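What follows is one structure encoded as structure tokens, with my remarks underneath.
Note that the structure is a prediction, hence the values are computed from the model and not measured.
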Amino acid sequence: MVSIPVHEHAATHDVTNQPPPLAPYDASEDMALLEGLRREGAGWAEEDIRRLGLRSGSAEAQEWGEQANTHAPVLRTHDRYGHRVDEVEFHPSWHHLMRVAVTEGLAGAPWADARPGAHVARTAGGLVWGHTDAGHGCPTSMTYAAIPALRKEPELAKVYEPLLTGRAYEPELRAPTEKRGLLAGMGMTEKQGGSDVRTNTTAATPTAEPGVYTLRGHKWFTSAPMCDLFLVLAQAPGGLSCFLVPRVLPDGSRNTFRIQRLKDKLGNRSNASCEPEFDGTVAWLVGPEGQGVKTIIEMVNCTRLDCVMMSATLMRKTLVEAGHHVRHRSAFGARLLDQPLMRNVLADLALESEAATTLTLRLAGAADRAVRGDAGEQAFRRIATAVGKYWVTKRGPAFTAEALECLGGNGYVEESGMPRHYREAPLLSIWEGSGNVNALDVLRALRRQPGAADALFGELALAQGADARLDAAVTRLKEQLTQASEAGARRLVELMALALQASLLVRHAPPAVADAFCATRLGGDWGHAFGTLPDTAGLDGILRRALTSGP
């Protein structure tokens with residue numbers, strides 16, 4: 001028998017030409033984000049954002065994100081004795097992520113913060129903390145979004161708003177007023193209608209107590225069933241109405257909230273989504289009967305902004321991963337980062353990422369000023385949020401696929417983390433209305449709110465004369481508006497989004513970034529895939545800005 005020395009066994013397994021782990025890194029090391037934070041009135045939060053960025057990129061927090069997705073939530077309908085409990089169990093890493101998010105003010109806290117820019121600071125926090133995991137952004141987003149809808153019923157808001165804006169994470173189900181902080185969810189869609197919520201069949205029956213109803217029905221896609229409160233749409237005698245449904249009633253007893261099953265989803269696996277059944281479920285009316293959509297629309301506007309933010313976060317996260325890989329990986333005698341075609345791909349991705357981040361922060365600034373009474377920003381927010389929701393979330397899947405490809409076969413392996421990001425990306429275009437719903441919503445805003453178009457073109461006019469390609473795109477946009485149709489809604493909204501992103505970059509980004517974006521996205525000097533920037537594009541300047549920790 002031949003004895004082989006141990007060192008010879010290992011010789012064939014020497015690891016070379018592989019990048020070191022990315023973590024720890026600084027998720028806030030993003031010039032477009034920091035500049036936008038200051039520009040939109042939240043420069044006072046920069047120190048906190050930088051601190052959160054370091055924590056997000058830490059090995060510990062990155063591991064939390066991985067573990068929360070590896071160990072998916074588990075539904076427990078009954079306890080060991082046979083009592084119905086309808087609880088969802090989560091891995092401890094999920095609770096770590098949630099505790100940081102709530103403590104750092106990424107849920108309802110901005111509504112209790114009088115400082116101008118508080119909503120911008122929250123969005124920037126999401127852009128960096130989202131580098132850990134996308135799933136836990138769902139309950140924090142819905143909690144944030146529930147407050148303006150809840151304010152339609154001041155007596156309910158008086159009780160619950162201080163708890164929804166709190167910074168304490170207490171996941172146990174208890175009577176809401178016994179907790180220091182609450183989370184909120186929403187239950188809108190049903191199996192027969194999806195986004196067409198006016199077809200809902202869940203029935204709301206008034207009780208003898210004013211404002212109190214009982215619900216009976218089945219919701220099709222309700223995320224975050226572990227939340228304390230839900231805003232739910234149901235058919236009352238006066239029509240489709242909005243209701244507040246607590247998981248635990250004020251006396252401490254469980255409300256009827258039977259979780260039939262958890263959804264087996266493509267992505268977003270750290271977060272639980274479910275089908276709850278209501279049967280004699282106690283609910284409080286929010287807003288007038290028959291005005292459920294009008295009441296809950298403010299919630300939708302907020303969560304749509306978060307969809308844009310989460311897509312921009314995924315873009316930045318996967319760009320950072322791709323940049324790290326190509327900085328340390330060599331092929332055919334040179335580092336990937338030094339190879340012209342790879343530099344073209346990365347620069348193209350960097351343009352898309354910066355445009356998404358810059359638009360996200362502009363929308364957050366509009367939201368912040370709108371809630372403080374700025375009528376012009378209210379009109380701009382109404383149309384621009386729907387435009388951004390349509391376009392940025394549509395770009396996400398293609399972007400993450402290209403970033404994954406920068407890692408080659410390494411990126412196709414689950415351990416790289418890139419498949420998780422890729423599976424996550426399509427959700428953000430579907431959540432809060434798919435592409436068609438958002439494109440048609442833009443048309444609705446144009447037709448029903450004349451000030452919306454004026455607000456959009458007022459924003460675009462701020463860059464007038466700075467770039468001929470942008471000026472030409474705005475002219476085309478005005479022409480298309482005169483013949484807008486439902487069939488052409490996507491084409492129209494796409495042009496709106498590109499013109500809006502270009503106008504922001506022309507005004508605020510370095511010339512290399514703005515020129516390359518206008519040349520490709522508006523001027524037509526571009527192919528049909530990432531990595532097709534023209535030879536005249538200033539790749540070095542774009543990459544120096546985007547890959548701030550490397551050459």
Output every pair passing side-chain hydrogen bond (donor to acceptor under 3.5 Å, both in side chains) with a member in residues 401-421, not counting sequence neighbours, ordered by first then second residue. Glu414-Arg423
Pair Ser434-Asn436, side-chain donor/acceptor within less than 3.5 Å: no
Charged tip of Arg490 within 45° of Tyr390 ring normal and under 6.0 Å: no
Please check if any side-chain donor atom of Ser270 sits under 3.5 Å from a side-chain acceptor atom of Trp94, or the reverse. no
With sequence neighbours excluded, what pairs up with Ala42 under the side chain to side chain contact (heavy atoms under 4.5 Å, CB included) test? Leu37, Trp44, Val120, Ala121
Once salt bridge (charged side-chain N to carboxylate O under 4.0 Å, His left out) is applied, what residue pairs with a partner in residues 525-543 remain, sequence neighbours excluded? Arg343-Asp540
Within 6.0 angstrom of Gln18 CD, more than 12 heavy atoms from elsewhere: yes
Contacts of Lys317 meeting salt bridge (charged side-chain N to carboxylate O under 4.0 Å, His left out) (sequence neighbours excluded), chain-then-number -> Glu321
Is a side-chain donor-acceptor pair under 3.5 Å present for His136 with Trp64? no
Aromatic ring proximity, centroids under 6.0 angstrom, His119 and Tyr144: yes
Is Asp113 paired with Arg122 through a side-chain N to carboxylate O contact shorter than 4.0 Å? no
Not counting sequence neighbours, list each pair that qualifies as a ring-ring contact (aromatic ring centres under 6.0 Å, His included) and has a residue in residues 312-369. His324-His328
Any residue meeting salt bridge (charged side-chain N to carboxylate O under 4.0 Å, His left out) with Arg382, in chain and number order, not counting sequence neighbours: Asp441
No-hydrogen, no-angle side-chain donor-acceptor test under 3.5 Å, Asn268 and Glu424: yes
